[in-house]
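Notes to accompany the following structure.
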Amino acid sequence: MISEKMEQMLNDQYNKEVFSAHLYLSMCSYFLDRDLDGFANYFSIQAKEELQHAEKQFDYVHEVDGKITIGAIDAPDSKFNSIIDCFEQTLAHEKLITKSIYGLVRQALDEGDFATHTFLQWFITEQVEEESSVKALLKKLEMIGDNSSALYLLNDELLKRVLVA
Ligand SMILES: [Fe+2]
Ligand SMILES: [Fe+2]
């Protein structure tokens, strides 16, 4: 059983994960349009991962006798200035999500809701990985600058990314 407040916060988080999926699909679309299939693949998988996060939260809330209410999802940006702009926005967004997860953890601890606290540990680890992998890609992009051969190689590398369940 979870509290109404915890249920509400997990609902909000669920909707944020779905928004994240839409944001990354929007970036996928930007890259497909620019014929950068590797970058498009990276964001397509990123979007699928976000839907997996949402699904985990959906299942958990129902497992503890709560209910998920699907809310209106804001439209993400559809215009991006550059490749780096996409990754900078991704990093900024992931930082917001990390903050949001930390808020959930704090609430779970305040309530002595140790089940939800344990459930959230997976997301804490996931956010560390998310931020660190985006930062690493940003560094690579800075090194690449306007070297199109290097960009071609990175695009090829990102084409190899696969979805891990
Ligand atoms: Fe997520
Ligand atoms: Fe994420």
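Count residues from 1 along the sequence.
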*Is there side-chain contact between Asp74 and His22, with at least one heavy-atom pair below 4.5 Å?*
no

*Taking the side chain from Asn41 and the backbone from Leu158, do they hold a donor-acceptor pair closer than 3.5 Å?*
yes

_Quick check on the hydrophobic clustering: are Val105 and Ile2 connected, directly or via other members, by side-chain heavy-atom contacts under 4.5 Å?_
yes

*For the residue pair Thr69 and Asn15, what are the closest heavy atoms and their distance?*
O-ND2, 3.6 Å

*Given the rule that I, L, V, M, F, W and Y join up when any side-chain heavy atoms are under 4.5 Å apart, are Tyr14 and Leu51 in one cluster?*
no

*Side-chain heavy atoms under 4.5 angstrom apart, residues restricted to Ile, Leu, Val, Met, Phe, Trp, Tyr: same cluster for Phe39 and Tyr152?*
no

*Taking all non-hydrogen atoms of both residues, which atom of Glu131 and which atom of Leu91 are closest, and how far apart?*
O-CD1, 3.9 Å

*State yes or no: do Ile84 and Ile144 share one hydrophobic cluster built from I, L, V, M, F, W and Y residues joined by side-chain heavy-atom distances below 4.5 Å, directly or via other members?*
yes

*asked:* Do Val134 and Ile124 sit in one hydrophobic cluster, given that two such residues count as connected whenever their side-chain heavy atoms are within less than 4.5 Å of each other, even indirectly?
replied: yes

*Do the side-chain N and O atoms of Gln107 and Glu111 include a donor-acceptor pair separated by under 3.5 angstrom?*
yes

*asked:* Under the criterion side-chain contact (heavy atoms from CB on, under 4.5 Å), I'd like the reasoning laid out for Glu130 against Glu50: C-alpha separation, chi angles, the key distance, then a yes or no.
replied: CA-CA 11 Å; Glu130 289 264 64; Glu50 299 303 346; 3.1 Å; yes

*Is there a side-chain contact (heavy atoms from CB on, under 4.5 Å) between Val64 and Met1 once you walk through the steps?*
CA-CA 5 Å; Val64 291; Met1 204 55 201; over 6 Å; no

*Exercise: do Gln13 and Glu17 side chains pair donor with acceptor under 3.5 Å*: yes

*Run the side-chain contact (heavy atoms from CB on, under 4.5 Å) check on Phe43 and Thr90 step by step: do they pass?*
CA-CA 10 Å; Phe43 281 103; Thr90 298; 3.4 Å; yes

_Under 3.5 Å: donor-acceptor pair, side chain of Ser26, backbone of Pro76_ = no

*Run the salt-bridge test on Glu49 and Arg161 with the 4.0 Å N-O cut-off and return the result as yes or no.*
yes

*Is the Phe80 ring parallel, tilted or perpendicular to the Tyr30 ring (thresholds 30°, 60°)?*
perpendicular

*Just say parallel, tilted or perpendicular for the rings of Trp122 and His53, cut-offs at 30° and 60°.*
perpendicular

*Report the C-alpha separation of Gln89 and His93 in whole Å, then their side-chain angles, then the decisive distance to 0.1 Å, and conclude whether the side-chain contact (heavy atoms from CB on, under 4.5 Å) test is met.*
CA-CA 6 Å; Gln89 286 201 38; His93 181 67; over 6 Å; no

*Write down the atom of Leu36, the atom of Asn155, and the distance for their closest heavy-atom approach.*
C-OD1, 3.4 Å

_I'd like to know if the side chain of Asn11 pairs up with that of Glu7 as donor and acceptor (distance under 3.5 Å, no hydrogens or angles considered)._
no

*May I ask you to check whether over 12 heavy atoms, not counting those of Glu4, lie within 6.0 Å of atom CD?*
no

*Looking only at non-hydrogen atoms, find the nearest pair between Gln52 and Ala165 and report the distance.*
NE2-CA, 3.7 Å

_Just by distance, no angles: are the side chains of Lys48 and Ser44 close enough, under 3.5 Å, to form a donor-acceptor pair?_
yes

*Take Phe87 and Tyr42 through the ring pair (Phe, Tyr, Trp, His ring centres under 6.0 Å) test and state the conclusion after the steps.*
CA-CA 11 Å; Phe87 284 90; Tyr42 175 88; 5.6 Å; yes

*In terms of side-chain heavy atoms, does Asp113 have a donor or acceptor partner in Thr116 at a distance below 3.5 Å?*
yes

*asked:* Taking Leu25's backbone N and O only, do any of them form a donor-acceptor pair with Ser29's side chain (distance below 3.5 Å, no angle check)?
replied: no

_Less than 4.5 Å apart, side chain to side chain, heavy atoms only: is that true for Glu157 and Lys140?_
yes

*N/O donor-acceptor pair under 3.5 Å between Ser100 side chain and Leu96 backbone*: no

*Side-chain donor/acceptor of His62 to backbone N/O of Ile68, under 3.5 Å*: yes

*Taking Asn147 for its side chain and Ser149 for its backbone only, find out whether a donor-acceptor pair lies under 3.5 Å.*
yes

